[in-house]
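Here is the structure we will look at, set down as structure tokens.
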Amino acid sequence: MTNPTRAVEEFRLPDLGEGLTEADWVHWVVAVGDRVELNQVIGEVETAKATVELPSPYGGTVEELLVEPGQTVPVGAPLLRIATEDGPAEPAGDSGGPSRPSVLVGYGPGDAPQSRRATRRISADAGRARDGDPPPARPDAKPGARKLAALLEVDLDTVTGTGRGGVITRDDVRRTAGHGDEPTAGHDEEPTAERPHSPAPEASPERTTRIPVGGVRKRTAEAVSRSAFTAPHASVFLTCDATATVDLVSTLRASPAFEGVRPTALSIVTRALLHAIADEPSLNAHWDDDTGEIVLHHDVHLGIATATSDGLKVPVVREAQRLSLPRLARSIAEVADRARTGRSTPSELTGSTVSVTNVGVFGVDGGTPILNPGESAILAVGAISDRPWVVDGALAIRKVVTLSLSFDHRLVDGEQAGRALATIGAFLGDPVPMLLADT
């Protein structure tokens, strides 16, 4: 009987799908010497679209960690080496035979995927558990907070979370990182009492903080720069009376058809946008640079611009034109919630054909949003507020909103954009007949 020999397996960053070629390493939950099981979470990566937990495709002992938090890792690059005891010893990455296939995120060879709820509970000390003791709980932190903590070298166990349910946010990490004395950059100074007195300088150097950029913020910067300098942007604006829309939303909230979902004015606005696209299909199209053609999309994959702790994300409601108003309202709420809580998959954050952004939630009247690359239009919705408005020749206080539509002038003209925005405004001014016509 022969003793098992140790083989060293090298785990490389797998293809995360959706054409993504790289990811930023956020956080290790294992260390050298830890024992890991098949499909145990070993760390987190942040792609252009989402933060994803990576499970180990091997069981064994961690021999070497090959990337650092904050490092950008291309697909196929080695992440760590694990010593197993299931075969003859071989050098890492050179088996001499068929290589094991890269597993998709969340899967291990021959095993079913684990839920995110389950993997979230795996802690950094999971591989160190011995003698039946349960591993200590992993600090509950948002993905962006974990990445920032790794960059600032802050132990999350020392951070008190102030988010909902005690979740650690990026502000909590910054607050912890700022505790104590901060030496001048690049110098270890002696205590002030031991230094001879010298006159104060004429001007203090500017206090700054440099924040490494990666993940969602980096990809957002790349996307908006590419869009701004590729697509010739233009915008049209319309201020309209949305009193009837506000009244309708109040009525719908009491309707059994909306049980379990809270309809909002955005639900009506998105339905109005879909109505306008039916008349002006160029709003749901893109310019093909390779062929110089306009590509019209038959289905509307509606992007919902969502502010998250990790930056701007645009989750997608697929085939929105096929959804009833209750299903549309529910879908918008669900995809936005998944994006805010970091549960969206990369596929849920790509493929939109037209987008809407609700800047009114920040208390502003309007804006000129930048197009998502590959789209021809984006609608911005300002705050709905009480304003004086002329109704039947008399001044009245009404619920008023400002809309702006940014568009790619290569395939949408001002005439088309203006008509579309006027259609949306008319819809919000008297939504019931329009909704009945759409059923």
Side-chain angles (χ1 to χ4, degrees), residues 1-17 22-47 51-139 143 146-147 149-150 155-157:
M1 180 176 179
T2 59
N3 294 325
T5 55
R6 291 163 60 88
V8 178
E9 301 285 1
E10 193 172 74
F11 179 32
R12 297 174 179 268
L13 181 65
D15 184 355
L16 303 175
E22 63 182 17
D24 290 341
W25 192 259
V26 177
H27 178 68
W28 284 108
V29 298
V30 296
V32 173
D34 285 357
R35 174 73 188 180
V36 296
E37 304 297 333
L38 179 68
N39 270 336
Q40 177 180 320
V41 171
I42 58 171
E44 291 180 344
V45 292
E46 185 177 23
T47 71
T51 299
V52 182
E53 292 178 332
L54 284 182
S56 173
Y58 313 112
T61 302
V62 177
E63 285 217 335
E64 187 176 2
L65 304 179
L66 302 175
V67 297
E68 297 290 338
Q71 181 178 338
T72 299
V73 185
V75 169
L79 300 175
L80 82 167
R81 296 191 177 103
I82 297 177
T84 65
E85 294 184 350
D86 56 359
E90 297 172 356
D94 185 16
S95 63
S99 59
R100 296 183 65 163
S102 295
V103 289
L104 293 176
V105 175
Y107 292 80
D111 279 20
Q114 296 181 342
S115 70
R116 184 175 180 89
R117 184 178 298 275
T119 58
R120 274 291 182 192
R121 290 195 290 267
I122 298 175
S123 75
D125 293 323
R128 302 189 187 98
R130 299 290 187 271
D131 302 326
D133 293 334
R138 180 184 179 195
R146 291 189 181 281
K147 181 176 181 180
D155 183 355
L156 287 175
D157 288 325

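Computed over heavy atoms, backbone and side chain alike; hydrogens, waters and symmetry mates excluded.
- Rounding to the nearest 0.5 Å places CG of Leu80 at 11.5 Å from CG of Leu13.
- Contact record, Trp28 with Ile42: CE3-O, 3.4 Å, taken as the closest heavy-atom pair.
- Across all non-hydrogen atoms, the minimal contact from Thr72 to Pro74 is O-CD, 3.9 Å.
- Closest non-hydrogen pair, Gly76 versus Arg12, comes out as O-NH1, 2.9 Å.
- When atom types are taken as modelled, the side chain of Thr84 and the backbone of Ala7 share a donor-acceptor pair closer than 3.5 angstrom.
- Between Val29 and Glu53, every side-chain heavy-atom pair lies at or beyond the 4.5 Å cut-off.
- The shortest heavy-atom contact between Tyr58 and Glu10 is OH-O, 4.0 Å.
- In terms of heavy-atom proximity, Pro55 sits nearest to Asn39 at CB-O, 3.5 Å.
- The residue from Val41, Thr61, Val62 that alone fulfils the side chain to side chain contact (heavy atoms under 4.5 Å, CB included) condition with Val36 is Val62.
- His27 contributes atom NE2, which lies 12.5 Å from atom CG of Leu54 (distance to the nearest 0.5 angstrom).
- Residues Val45 and Leu79 form no side-chain contact, since every pair of their non-hydrogen atoms from C-beta on lies 4.5 Å or further apart.
- The side chain to side chain contact (heavy atoms under 4.5 Å, CB included) search around Glu68 returns Gln71, not counting sequence neighbours.
- Using a 4.5 Å heavy-atom threshold, the side chains of Pro57 and Phe11 count as touching.
- Nearest heavy atoms, Val32 versus Glu64: CG2-CA, 4.1 Å.
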